[in-house]
Amino acid sequence: MLNKNTINEFKKQIEGDVLDKRFQREVYSTDASIYKFVPELIVLPKTKQDIQKTVKFARENKIGITCRAAGTSVAGTSVGPGIILDITRYFDQVLEIGPDFVKTQPGVIYDNLQAKLAEKGLFLPPVPASSRTCMIGGNVATKACGGGAVKYGTLDDFILAIEFVDADGDIVNTETGVGVEKFKTKLEALRQRILNDKKSMAIMNRKADVQDASIYNITAFDKYVDTNELIAHLMMGSIGTLGIFTEIKLKVAPKPTEKPVSWAVFLSDLYQIDNFIKEVKRLGCSGVELVDKVSLELASSCFPMLGLSKEAEGMFIVQFDENIEATLKEFENSLKNFKLVGEVIKDAEKMAKIWELRKCLLPLTAKFSPTTKPLVSIDDVGVRIKDIPDLLKDLRKIFKDLNIQVALYGHAGTGTIHIDPVIEASTTKHVKTIKKIADRVYKAVFKYDGTTSTEHGGGRCRSMYIKKQWGGKITKYLKEIKNIFDPTDVLNPNTMFSKAKIYDNIKLPMKPLGIEEWPCMECAYCQNKCPAWITAKKGETGPKQFKNLIRYRMLNVKENDSELPEIEEQIRKCVLCGMCTKTCDTIVGAKLKEFNEMYRDKKIK
């Protein structure tokens, strides 16, 4: 542990904010994953120099740095036991918008970036489902992309340049070339070894048609000769283990002039998925989402007014954003070639609710039981589209055998299937089951030459499966990439390559403190509606932060704790406006405003 004098001396060097109280550290101990680490220190840097000083401080004191944006990682990449570097408060500006590019700081919310671009008639096509809350730095770090990848490609296709602070505390800029030279020789030597390794190249080429975000962007060695470009693309999907982003430059596109239109179609034959997706791709769809049969049953019970078919094997949400009138006519005619059940939903108002349903399927699964949670240990697996039917059948059988409720859905157009098993969270009953689930699911995925992650990045819950997916030689190359950029493992240590078991350092068991707080998934969808979060300029204040602080106060803090007055003061920064409760009403129904009121009224036991 860092001693108080060391921390106080460090605080004097930093222009931004340094938090070291125990209750502040608790707020940063979890994200949207199954993991929990109480950090030693939180730094909210105000300048690039703050970041550089923090890196040097971490190296001197032999502790790691974990970067954190929205804190919504499902793979445990935004929590860690060392220093949390929170970029949300001061690195949240869009710096420049050009005719075909945007330069932004990493703490900009994705939807806010899109709003700025829209003013110029532009947009960034890969849009994650969590765009209302996720931040662009986290999106680049995890290689996030969403359903738009079916037409526009992944975020990796849009990266132009990146500026970051490296593990030595130096600034590297792939646009200007500053700081690049020290990596050039080692990267070029590694490139030659990879390209000359015919067996490894054959594996990578064979897997090239499966969208992947499970590891470092190793295929960049084959695609980019220029070292600046290579480094920019290696940062994509690096989950904060190779550099700390300060500026990101992305390619943007003209915003479609027509308002996108979506229809919902219900297929009764799983094995028509391949041909169905080929057809909508041919028509130029800008999204094709899948909600599997098991998730349809949940969605139907939560949204009976939408008329969703319970008999279908899957619901497909198809979106078009160009030449819409003519395309929809052709699409409707082509539906005669497929086995459908129920009515095709075309009504714009219903489709808006169906899109909201699709985006909220993960938190919706929190409604399954008062003591269970869909704590993500596996998530965004991917296979070739032709293999989706067989994989879905395998997954249904796996969870039936394990007697575990599950939600299955995803971006069918890119072969992505999200898997959210609902486990007992109030006891340790399912702790060891987490590994059983992962082992069986990934065995099924690897049977189809698939991947553990298509868009949420590698991390603590996937690192132990890298060798099985990619083989020993490619795994060795991946570790060499890490060693080139961060030989002392100061940047997000033990995340890309962890020796821990998948269920080590998890946040179970969790004691329910009421139906008001228990459903909360920490998805942060309510966060940007919170006046306290906005006033405080993000950071340690906000709905999920207040909820976690109340839990900490009730479960861990004694009445004589010296920090108790500050804890009470922080909890009361919630203005009880109810925006969090209102936002969550159609998601999981958490009532965090009411939870805070109950705490103040001493009604929580």
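When reading the values below, keep in mind they use all heavy atoms of this one structure, side chains included, and skip hydrogens, waters and symmetry mates. Throughout, residue positions are numbered sequentially from 1 according to the sequence presented.
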Over all heavy atoms of both residues, which pair between [X] and [Y] is shortest? Give the atoms and the distance, please.
X      : Y      : value
Gly458 : Ala75  : O-CB, 3.7 Å
Ile248 : Gly137 : CD1-CA, 3.9 Å
Ala532 : Thr541 : O-CG2, 3.6 Å
Thr454 : Gly382 : CG2-CA, 3.4 Å
Tyr525 : Ala129 : OH-O, 3.9 Å
Met235 : Ser238 : O-OG, 2.7 Å

Next on the checklist: Assess the residue pair Phe123 and Tyr152 against the criterion (ring-ring contact (aromatic ring centres under 6.0 Å, His included)); give the C-alpha distance rounded to whole Å, side-chain angles, the decisive distance to 0.1 Å, and a yes or no.
Outcome noted: CA-CA 11 Å; Phe123 83 129; Tyr152 295 103; 5.5 Å; yes
Checklist entry - Given Glu15, which of Lys46, Lys53, Gln49 fulfils the side-chain contact (heavy atoms from CB on, under 4.5 Å) condition? => result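 Of the listed residues Lys46, Lys53, Gln49, the side-chain contact (heavy atoms from CB on, under 4.5 Å) partner of Glu15 is Lys46.
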[X] vs [Y] side-chain heavy atoms within contact, under 4.5 Å:
X      : Y      : answer
Asp489 : Lys482 : yes
Glu480 : Lys186 : no
Arg59  : Asp168 : yes
Thr66  : Ile83  : no
Cys526 : Cys584 : no
Ser73  : Thr142 : no
Leu491 : Phe485 : no
Phe10  : Asn61  : no

Looking at [X] and [Y], does any basic side-chain N land under 4.0 Å from a carboxylate oxygen?
X      : Y      : value
Glu247 : Lys48  : yes
Lys36  : Glu26  : yes
Asp380 : Arg462 : yes
Arg89  : Glu540 : yes
Glu40  : Lys62  : no
Arg460 : Asp504 : no
Asp449 : Arg384 : yes

So, the side chain of [X] versus the backbone of [Y]: is there a donor-acceptor pair under 3.5 Å, distance only?
X      : Y      : answer
Glu424 : Ser426 : yes
Asn492 : Thr77  : yes
Tyr35  : Ile502 : yes
Thr88  : Gly539 : yes
Gln105 : Gln93  : yes
Arg25  : Val38  : no
Asn139 : Cys134 : no
Lys507 : Asp31  : yes
Thr133 : Ala524 : yes
Asp222 : Thr219 : no

Item to check | Any pair counted as ring-ring contact (aromatic ring centres under 6.0 Å, His included), so long as it reaches residues 412-444, sequence neighbours left out | outcome: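 Checked against ring-ring contact (aromatic ring centres under 6.0 Å, His included) - neighbours excluded - the pairs reaching residues 412-444 are Tyr409-His418, His411-His418, His418-His456, Tyr442-Tyr465.
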Checklist entry - Above 12 or not: heavy atoms from other molecules or residues under 6.0 Å from NZ of Lys11? => result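 Enclosed: over 12 neighbouring heavy atoms sit under 6.0 Å from NZ of Lys11.
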Item to check | Neighbour count above 12 (heavy atom, 6.0 Å) for Lys182 NZ | outcome: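 Yes, NZ of Lys182 has more than 12 neighbouring heavy atoms, counting only those of other groups under 6.0 Å.
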Next on the checklist: Using a 6.0 Å distance limit plus a 45 degree cone around the ring axis, check whether Arg191 lies over the aromatic ring of Phe221.
Outcome noted: no
Next on the checklist: Ring of Trp470, cation from Lys207 - is the NZ or CZ under 6.0 Å from the centre and inside 45° of the axis?
Outcome noted: yes
Next on the checklist: Quick one, Asp166 with Phe183, criterion side-chain contact (heavy atoms from CB on, under 4.5 Å). Give me CA distance, side-chain angles, the key distance, then yes/no.
Outcome noted: CA-CA 11 Å; Asp166 69 14; Phe183 302 111; 3.6 Å; yes
Next on the checklist: Could you go through Glu229 and Lys223, starting from their C-alpha distance and side-chain angles, then the distance that decides it, and tell me whether this counts as salt bridge (charged side-chain N to carboxylate O under 4.0 Å, His left out)?
Outcome noted: CA-CA 9 Å; Glu229 284 186 288; Lys223 294 178 182 177; over 6 Å; no
Checklist entry - Run the side-chain contact (heavy atoms from CB on, under 4.5 Å) check on Leu250 and Ile159 step by step: do they pass? => result CA-CA 5 Å; Leu250 296 157; Ile159 190 77; 3.9 Å; yes
Could you grab the distance from atom [atom1] of [X] to atom [atom2] of [Y], nearest 0.5 Å is fine?
X      : Y      : atom1 : atom2 : result
Asp50  : Leu44  : CG    : CG    : 10.0 Å
Ile484 : Leu190 : CD1   : CG    : 5.0 Å
Leu230 : Asn217 : CG    : CG    : 9.0 Å
Lys538 : Asn528 : NZ    : CG    : 9.0 Å

Return yes if a side-chain donor-acceptor contact under 3.5 Å exists between [X] and [Y], otherwise no.
X      : Y      : answer
Asp86  : Tyr28  : yes
Gln24  : Asp17  : no
Thr241 : Tyr216 : yes

Item to check | Criterion side-chain contact (heavy atoms from CB on, under 4.5 Å) on Leu408 and Ile419, from CA distance to verdict | outcome: CA-CA 5 Å; Leu408 302 172; Ile419 307 169; 3.9 Å; yes
Next on the checklist: The test is side-chain contact (heavy atoms from CB on, under 4.5 Å); show your working for Leu395 and Val406 and say whether it passes.
Outcome noted: CA-CA 9 Å; Leu395 294 174; Val406 68; over 6 Å; no
